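As the structure is a prediction and not an experimental result, all values here were calculated from the model.
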2 protein chains.
Amino acid sequence: MNKVNPNYALMPGSYLFAEVSRRVSAFQAAHPEKKILKLGIGDVTRPLPKVCIEALHKATDEMADPATFQGYPPAQGYDFLINAIKEYEYDARGAKVEADEIFISDGAKSDTANIQELFSGDAVVAVPDPVYPVYVDSNAMSGRAGIYENERWSKLVYLPCVAENGFMPEPPKEKVDLIYLCFPNNPTGAMLTRDQLKVWVDYARENGCLLLYDAAYRQYITREDAPRSIYEIEGAREVAVEFCSFSKTAGFTGVRCSWTVVPKSLKVQDAAGNPVSLNDMWSRRQSTKYNGTAYIIQRAAAAIYTPEGQKQVRENVGYYMENAKIIRETLVELGVEASGGVDAPYIWLKCPKGMDSWSFFDYLLSGAGVVGTPGAGFGPSGEGYFRLTAFGSREVTLEATQRIRELLGK
Amino acid sequence: MNKVNPNYALMPGSYLFAEVSRRVSAFQAAHPEKKILKLGIGDVTRPLPKVCIEALHKATDEMADPATFQGYPPAQGYDFLINAIKEYEYDARGAKVEADEIFISDGAKSDTANIQELFSGDAVVAVPDPVYPVYVDSNAMSGRAGIYENERWSKLVYLPCVAENGFMPEPPKEKVDLIYLCFPNNPTGAMLTRDQLKVWVDYARENGCLLLYDAAYRQYITREDAPRSIYEIEGAREVAVEFCSFSKTAGFTGVRCSWTVVPKSLKVQDAAGNPVSLNDMWSRRQSTKYNGTAYIIQRAAAAIYTPEGQKQVRENVGYYMENAKIIRETLVELGVEASGGVDAPYIWLKCPKGMDSWSFFDYLLSGAGVVGTPGAGFGPSGEGYFRLTAFGSREVTLEATQRIRELLGK
């Protein structure tokens with residue numbers, strides 16, 4: 001059998017976090033006595049909100065009784081969760097989203113990786129640089145990224161996010177079909193205003209392209225003039241898909257639940273110019289290749305949409321944002337250039353002493369036993385930068401910043 | 001934006017079970033007083049085994065405590081579940097499967113739909129006919145099936161499973177790259193012996209093709225000479241991928257957990273003839289596009305691998321197999337040609353009075369209020385046949401067979 005997908009062989013090294021994990025394991029094996037502090041992968045550490053725990057217990061008991069047992073979930077998700085999302089996440093903000101435009105799934109990672117299947121192999125893709133690797137890798141696996149040479153994919157259009165532009169991508173000069181955006185941004189922690197997002201929506205409308213908008217971190221926004229959803233922006237319903245997640249709001253990284261909005265008014269055409277419903281395509285994709293999200297997990301997710309649930313989520317987010325403040329202020333105090341951490345749980349720093357990203361990774365790991373994520377792993381413009389996350393416990397965050405102070409303050 | 005995947009437009013109608021569901025809803029709306037009995041979709045009705053309920057409660061409590069909270073699951077699955085599967089499902093039967101060849105996921109539907117991504121667009125695919133629609137539709141969405149005309153996809157190789165060959169597919173005459181097999185079979189309920197499966201393994205080895213073996217129903221096998229896993233067959237490790245599921249054994253249709261085995265010894269090459277590890281490719285695919293199965297759900301799955309858990313699963317399976325016996329014997333008594341239901345929870349029957357599949361669907365729904373699945377929905381050779389499932393409750397099964405007796409016995 002020699003008919004394998006040729007694109008896999010073009011992929012460089014292994015998935016970023018797998019490589020981080022490999023280096024950490026190797027270091028720990030060589031230094032078993034060292035306590036390693038992880039501020040690398042964006043994994044949460046706080047327990048699930050109480051409302052979610054209660055909902056899980058209750059739903060589990062329902063699964064024990066033939067009268068309340070739940071089999072295959074509805075393909076698009078249970079109404080109780082879809083309606084709660086619609087009310088709390090969209091209606092409450094005056095953003096128009098209909099119930100049948102919301103699709104529940106097991107993670108924004110799956111959905112942002114799978115969405116490219118709806119597009120043709122010759123669609124031109126633009127990504128911010130640095131960027132969450134899943135957007136790039138999923139397109140590379142489908143051949144849409146071309147060939148990887150000199151840290152760049154030949155067919156991707158890179159939108160540099162660098163100090164000079166405040167880590168804010170600018171619309172491409174060339175014609176593209178799909179643009180991935182992520183705000184609050186992973187990895188840079190940057191956030192834009194409604195006016196700035198309006199520029200993107202207008203650009204997409206004028207240039208006939210589609211925005212794939214990842215809003216997984218929106219609960220971390222503190223600024224009043226920043227959009228929680230792209231559908232707060234006029235005209236977005238015709239040009240944008242939005243991805244959201246319970247991972248960072250309700251601590252669901254190990255529980256797995258998310259949703260994607262595909263407006264019925266989204267304007268796409270087939271190659272002959274006939275109108276096509278992307279909502280229908282995603283519905284078909286999901287009902288054919290996915291079998292729904294567990295009932296008990298959808299119940300746990302819905303539990304955050306109560307006044308008590310909202311309070312518990314705000315407490316969790318507040319805890320992490322205090323961590324962000326501690327990390328950011330430590331770095332500023334040490335004279336390290338750092339941004340993010342105000343509307344996002346990520347702090348993006350310029351590697352001191354002119355080090356490149358992986359050198360600083362090794363330097364920080366060996367010198368302080370602290371793990372972060374090398375900026376270069378997020379794209380060529382991330383070289384020389386480094387990401388720290390606010391998702392550790394308070395104790396780990398305090399100890400890590402203390403060790404960083406000792407290492408860099410020398 | 002006019003760069004949509006052109007293959008979606010080629011797909012006929014909607015997904016089979018969505019169409020069944022649509023017709024049932026329409027009938028119920030027109031006859032709100034009628035109690036509809038569903039023996040259509042293969043969804044279970046028994047509550048979760050007690051061991052699973054207990055494990056869910058315990059794991060949920062762990063998620064409430066920072067000391068035991070679990071974030072992102074390991075990409076391939078937790079060792080406690082992988083090792084339990086290895087021991088109970090493979091070691092116990094003398095089938096060689098290593099821990100790092102087992103990948104946990106959220107469903108055999110997802111995995112059987114996603115596996116085609118590892119192959120090139122020009123791989124030639126053979127499917128049994130009739131067949132579980134997911135194998136066909138996932139390849140059609142990727143352009144590997146060609147064009148749909150006269151109930152057939154132009155590029156697929158169909159392996160007819162008809163009364164003349166005992167509903168057992170025969171190896172293709174033409175050169176193919178991938179062959180999907182499912183035993184115990186969905187939808188026909190047929191099961192093969194070890195000797196018969198050996199013919200397929202030998203064929204794959206001799207003809208340089210790969211077997212994609214779906215064993216989701218293996219817990220229903222009663223015959224001693226039938227293989228529970230393809231790895232019981234000598235030589236299978238070089239040519240077969242196996243898909244399994246907790247849906248029909250532990251009643252996980254609404255819980256979502258499964259596993260796929262990709263042996264490291266699987267022999268594939270790239271177009272230039274260089275060896276490629278399909279295990280590496282699947283690992284890369286899963287770690288890039290999937291974020292793991294919930295901790296609490298993996299705990300629930302692992303709970304069945306205890307003597308008490310095995311007993312509870314056997315009881316559940318025994319309950320459904322008694323239903324299968326009731327359905328099969330009713331049909332035989334009525335003079336309807338029926339097979340399956342001995343090593344599988346599906347009964348495959350020839351539509352009486354020369355009706356086609358959808359006519360019999362409507363006849364049974366309107367005449368008896370019983371829902372089954374039209375054989376034609378599973379492929380051209382399914383025309384004139386019909387599938388009933390044993391997954392209803394005993395009460396529903398008894399009432400449905402009574403109504404069928406009244407309708408057909410006239």
Between the side chain of A/Gln298 and the main-chain N/O of A/Thr293, is any donor-acceptor distance below 3.5 Å? yes
May I have the step-by-step check of side chain to side chain donor-acceptor pair (under 3.5 Å) for A/Tyr135 and A/Gln116, ending in yes or no? CA-CA 9 Å; A/Tyr135 315 151; A/Gln116 46 79 29; over 6 Å; no
Interchain contact, A/Tyr72 with chain B, by part (heavy-atom threshold 4.5 Å): both
Is it the case that over 12 heavy atoms from other parts of the model lie below 6.0 angstrom from the NZ atom of A/Lys175? yes
Answer yes or no for A/Arg46 and A/Tyr320: cation-pi contact, defined as NZ/CZ to six-membered ring centre under 6.0 Å and angle to ring axis within 45°. no
More than 12 heavy atoms of other residues, nucleotides or ligands under 6.0 Å from NZ of B/Lys50: yes or no? no
Please evaluate residues A/Asn5 and B/Ser120 with respect to the criterion side chain to side chain donor-acceptor pair (under 3.5 Å), reporting the C-alpha separation (whole Å), side-chain torsions for both, the decisive distance (0.1 Å), and the verdict. CA-CA 4 Å; A/Asn5 179 337; B/Ser120 60; over 6 Å; no
Please identify, among A/Asn291, A/Ile53, A/Val268, A/Leu48, the residue contributing the most non-hydrogen atom pairs under 4.5 Å to chain B. A/Asn291
Measure A/Phe119 against the heavy atoms of chain B and call it side chain, backbone, both or neither at under 4.5 Å. both
Separation of A/Ile104 CD1 from A/Tyr290 OH (nearest 0.5 Å): 9.5 Å
So for A/Met141, is it side chain, backbone, both, or neither that comes closer than 4.5 Å to the heavy atoms of chain B? side chain
Checking A/Gln312 side chain against A/Val51 main chain: does a donor-acceptor pair fall under 3.5 Å? yes
Pair count under 4.5 Å, heavy atoms only, with chain A: among B/Gln70, B/His57, B/Met11, B/Met63, highest is B/His57
Engaged part of B/Thr45 at the chain A interface, taking heavy atoms whose separation is under 4.5 Å: backbone
Does any backbone or side-chain atom of A/Ile297 lie under 4.5 Å from a heavy atom of chain B? Answer side chain, backbone, both or neither. side chain
Pair B/Tyr180, B/Asn139: side-chain N/O donor-acceptor within cut-off below 3.5 Å: yes
Which atoms of B/Asn114 come close to chain A, meaning under 4.5 Å heavy atom to heavy atom: side chain ones, backbone ones, both, or neither? side chain
Can you tell me which portion of A/Asp177 sits under 4.5 Å from chain B's heavy atoms? Options are side chain, backbone, both or neither. both
Just so I understand: if I count every heavy-atom pair under 4.5 Å between each of B/Thr253, B/Asp61, B/Asp65, B/Val255 and chain A, which residue has the most? B/Thr253
Portion of B/Tyr8 that has a non-hydrogen atom of chain A nearer than 4.5 angstrom: side chain
Between chain A and each of B/Asp43, B/Leu178, B/Asn274, B/Ile296, count heavy-atom pairs under 4.5 Å; write down the option with the most. B/Asp43
Any salt bridge (Lys or Arg N to Asp or Glu O under 4.0 Å) pairs touching residues 116-125 of chain A, not counting sequence neighbours? A/Glu117-A/Arg285, A/Glu117-A/Lys289, A/Asp122-B/Lys3
Ranked by heavy-atom pairs below 4.5 Å to chain A, first place among B/Leu118, B/Leu56, B/Asn207 goes to B/Leu118
Measure B/Pro66 against the heavy atoms of chain A and call it side chain, backbone, both or neither at under 4.5 Å. both
Tell me, for A/Ala9 versus chain B, whether the close heavy atoms (under 4.5 Å) come from the side chain, the backbone, both or neither. neither
Given the options B/Gly107, B/Ala64, B/Pro73, which has more heavy-atom pairs under 4.5 Å with chain A than any of the others? B/Ala64
Counting only heavy atoms closer than 4.5 Å, note whether A/Thr60 contacts chain B via side chain, backbone, both or neither. both
Is there a donor-acceptor contact under 3.5 Å from the side chain of A/Thr397 to the main chain of A/Asn323? no
